[in-house]
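Values below: every heavy atom of this structure, side chains too, minus hydrogens, waters and symmetry copies. By convention in this document, chain letters (A, B, ...) are assigned in the order of the sequence lines, proteins followed by strands, and residues within each chain are numbered from 1.
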2 protein chains.
Amino acid sequence: MTIREQMLQIAREAKEASRIVAGLSSRIKNELLCGMADALEAEKESLQRQNALDLEAGRANGLSAAMLDRLELTESRIRGMADGLREVAALPDPVGEITGMWKRPNELQVGRMRIPLGVIGIIYESRPNVTADAAGLCLKSGNAVILRGGSEAIHSNTAIGAILREQLKRRNLPEAAVQVVPTTDRQAVTELLKLEEQIDLVIPRGGEGLIRFVAENSRIPVIKHYKGVCHVYVDADADFDMAERIALNAKVQRPGVCNAMETLLIHQDIAETFVPRITAALQQAGVEVRGCPVVRKFAPEVAAAGEEDWAAEYLDLILAVRVVASIDEAIDHINRYGSLHTEAIVTRDYARAQQFLRQVNSSTVVVNASTRFADGGQLGLGAEIGISTTKLHSFGPMGLEDLTTRKFIVLGEGQVRE
Amino acid sequence: MTIREQMLQIAREAKEASRIVAGLSSRIKNELLCGMADALEAEKESLQRQNALDLEAGRANGLSAAMLDRLELTESRIRGMADGLREVAALPDPVGEITGMWKRPNELQVGRMRIPLGVIGIIYESRPNVTADAAGLCLKSGNAVILRGGSEAIHSNTAIGAILREQLKRRNLPEAAVQVVPTTDRQAVTELLKLEEQIDLVIPRGGEGLIRFVAENSRIPVIKHYKGVCHVYVDADADFDMAERIALNAKVQRPGVCNAMETLLIHQDIAETFVPRITAALQQAGVEVRGCPVVRKFAPEVAAAGEEDWAAEYLDLILAVRVVASIDEAIDHINRYGSLHTEAIVTRDYARAQQFLRQVNSSTVVVNASTRFADGGQLGLGAEIGISTTKLHSFGPMGLEDLTTRKFIVLGEGQVRE
């Protein structure tokens, strides 16, 4: 069988399985997920033996220490995967939810009911825990899933997949509802991305290179999330203590992630007092600050920011700082350089909080809190399958609900159209 | 300027304009739409003069009588366009709606707020009224629109576009919020479809050929709707009078549209009595019936249906009829041959109505009413920009709400992440 035929068979079996998974009751899905969680913990030793093969190959191939760390399935990570599945089991089931129902003049009742998308393809990089996390979210939302992890994790992913599938089999459910692509050949990805008749959605998880590759080669809709150039705007009416606390948290608490702040905007009326204070606090926290000329006037030790700094996603302890003349200039700056990820305003002024909320159309807009809350778990979605910074289908962190769509339902008493 | 440069300029100006349109109040949008409606009626004579140029060219190019009819802007059609804009003005504004708000354990308030998609591209065929209808829906939902109609309607579309733009200009709003592509060169479409940085969504309206062309050439998300192979399933517990009324309406009332019935499924327990009755009624209404062997046993004058009939979208007074052993077999048939458009069940049995509603995941699922209600206006959406039979972003008839997406909003009091 060629790789093309192999991928087509996987996708067809997934589609067939998706019809059965779509109709499962919440109780059966929850028991399945809990059974999978127990099995992962029960079989942790065989899992770690397979994981050791990946680690060994990784060392032989010269993977960095950071990559090897991400790859490793420690006991606590296996417990983490299991707990993740149990948490998803505990979340409300979105399938079958009726999000509205209204009556027409001819007495027809019309509503919209949530249904699964069908078959989801997940293409990811080195962390093998994604295999269990993504499978849990897709199954709970009534979808079948095709998982294609990084080649460096192939033994680990295959072993996790086998444990999950065994639980489907024991319950007489279709094993094809969870499939781990068995080959590391890159052609498998390009073939999968052509199967628009079988696969409904592709979610790439990883670096910008992976996401661009998937977006450019896919005939299937893709949830995209290239980068996070997140802003905090400190308004003239901000509480300085709060602004400092939020700016430090947004930059320093975990600088390497997409919802960390990359640019701080400060209203000119407070520049003279707030700029020296916040740049000193940031520098004390180990942040390299790069400022516009006004920033440097009030904090002369700060390096000069160039045009490229306004668009930079540093993912590091570096921050661009700019003084703006007004909230309108702040919003213009965000529209020009932002990535539609997350922006925050710090202010005590009601009208400007409202203006920022309405006029900034990034996927998460925050008033008086850290950008670091832009995360499915933190926002209360329970868990997150990914983040979308394109507006179609889903925008922002995606939980179970965004793995569904809505059909119209119509309840009549014999009505026909005139 | 090359066509590529021209399209890029159109798309960039649309994106710029979309930021302003996104922030307009409902009142300003409604006044704008009503002003556009009045202007179309006031300038109907100049509009008809431009339309006459298209009709003349169409006759010279040998367009069919049906095509020429679709192309013509009669006085009543101009009034229809104007009334359509007024109706959209009267609909609720989806932008800014908050669809849910919840509190997190740290007292953060989190919600989702509707925002416009940005720039919508509409690619359509011969009816010039789409120019005004689509512009009205896109503007009301806060989007900018790029309109590319059929080459045979270029004078009419350009004239409508000019009238609409004049109303934007008079109100000091960006004219680029409504743009009619000024060239009939097909390359304009392929260039537009590459501009994923500027255009957020493409909606093709027309025949399957147009939709496939757009879907295959687009780097931008496309709302797809290939065809409607709609089913009516008459259950063993159906009221025969109701079943006959619904089946006739679904097939005969307007056979050439996508929500007309193409296959009738009948439970075997009622075949002996219902098959002769319904086939006779259909034939009397001028329908050519093609049946499975069981149908032909009870109605020997019916022609034999072949495998190709089960997948056929006749769009004509032809109907395939099949007897099934159970509701499960009916659902299997629909899953196998259907197009995810619209399916109806006729039954008096509560459990089977519920089963059909849950297990049939077409975009509109109907109990005891005609499939012909699968239409934005009939379902109460007010108006319809298109229909989606793919599940991403939107599924089924799309109204104003589906021309928006949702951002997360977070209201804090200084919270930072631990």
Given that the side chain runs from C-beta out, which part of P105(A) has a heavy atom under 4.5 Å from chain B: side chain, backbone, both or neither?
neither
Give me the atom names and distance for the closest heavy-atom approach of A369(A) to G412(B).
CB-CA, 4.3 Å
So for N106(A), is it side chain, backbone, both, or neither that comes closer than 4.5 Å to the heavy atoms of chain B?
side chain
When only heavy atoms count and the cut-off is under 4.5 Å, which of residues 19-26 of chain A reach chain B?
R19(A), A22(A)
Output the option from T404(B), L201(B), L392(B), L340(B) having the highest count of non-hydrogen pairs under 4.5 Å with chain A.
L392(B)
Any heavy-atom pair between the side chains of L411(B) and L357(A) that's under 4.5 Å?
yes
In terms of heavy-atom pairs under 4.5 Å, which option from V346(B), D241(B), T342(B), V365(B) contacts chain A the most?
V365(B)
When the 4.5 angstrom heavy-atom criterion is applied to L108(A) and chain B, the contacting part is side chain
Is it the side chain or the backbone of K224(B) that comes within 4.5 Å of chain A heavy atoms, both, or neither?
side chain
Applying a heavy-atom distance below 4.5 Å, give me the residues of residues 92-99 of chain B that approach chain A, sorted by number.
none
Are T405(B) and S363(A) close enough that some pair of their side-chain heavy atoms sits under 4.5 Å apart?
no
S362(A), part contacting chain B, at a heavy-atom distance under 4.5 Å:
backbone
Less than 4.5 Å to any heavy atom of chain B: does that hold for the side chain of V410(A), its backbone, both, or neither?
both
Cut-off 4.5 Å, heavy atoms of chain A, and the answer for P397(B) is both
Contact origin within D332(A) toward chain B - heavy atom pairs under 4.5 Å:
neither
Chain A contact via I115(B) - which portion, at a heavy-atom distance below 4.5 Å
side chain
Taking the side chain as everything from C-beta on, heavy atoms only, tell me whether F373(B) gets closer than 4.5 Å to V110(A).
no
Is there a side-chain contact between Q378(B) and Q415(A) (heavy atoms, below 4.5 Å)?
no
Under 3.5 Å, which donor-acceptor pairs do the side chains of residues 246-257 of chain A form with other protein atoms, sequence neighbours left out?
from: N249(A); atom 1: OD1; to: S370(A); atom 2: OG; distance (Å): 2.7
from: N249(A); atom 1: OD1; to: R417(B); atom 2: N; distance (Å): 3.0
from: N249(A); atom 1: ND2; to: R417(B); atom 2: O; distance (Å): 2.7
from: K251(A); atom 1: NZ; to: M261(A); atom 2: O; distance (Å): 3.0
from: K251(A); atom 1: NZ; to: E262(A); atom 2: OE1; distance (Å): 3.0
from: K251(A); atom 1: NZ; to: D316(A); atom 2: O; distance (Å): 3.0
from: K251(A); atom 1: NZ; to: I318(A); atom 2: O; distance (Å): 2.7
from: Q253(A); atom 1: OE1; to: R372(A); atom 2: NE; distance (Å): 2.7
from: Q253(A); atom 1: OE1; to: R372(A); atom 2: NH2; distance (Å): 2.8
from: Q253(A); atom 1: NE2; to: E418(B); atom 2: O; distance (Å): 2.9

Restricting to salt bridge (charged side-chain N to carboxylate O under 4.0 Å, His left out), what partner residues turn up for D200(B), sequence neighbours left out?
none
Given heavy-atom pairs under 4.5 angstrom as the criterion, report whether the side chain, backbone, both or neither of T364(A) touches chain B.
both
Please flag which part of D402(A) lies under 4.5 Å from any non-hydrogen atom of chain B: side chain, backbone, both or neither.
side chain
Which heavy atom of R245(A) sits nearest a heavy atom of E413(B), and at what distance?
NH2-O, 4.4 Å
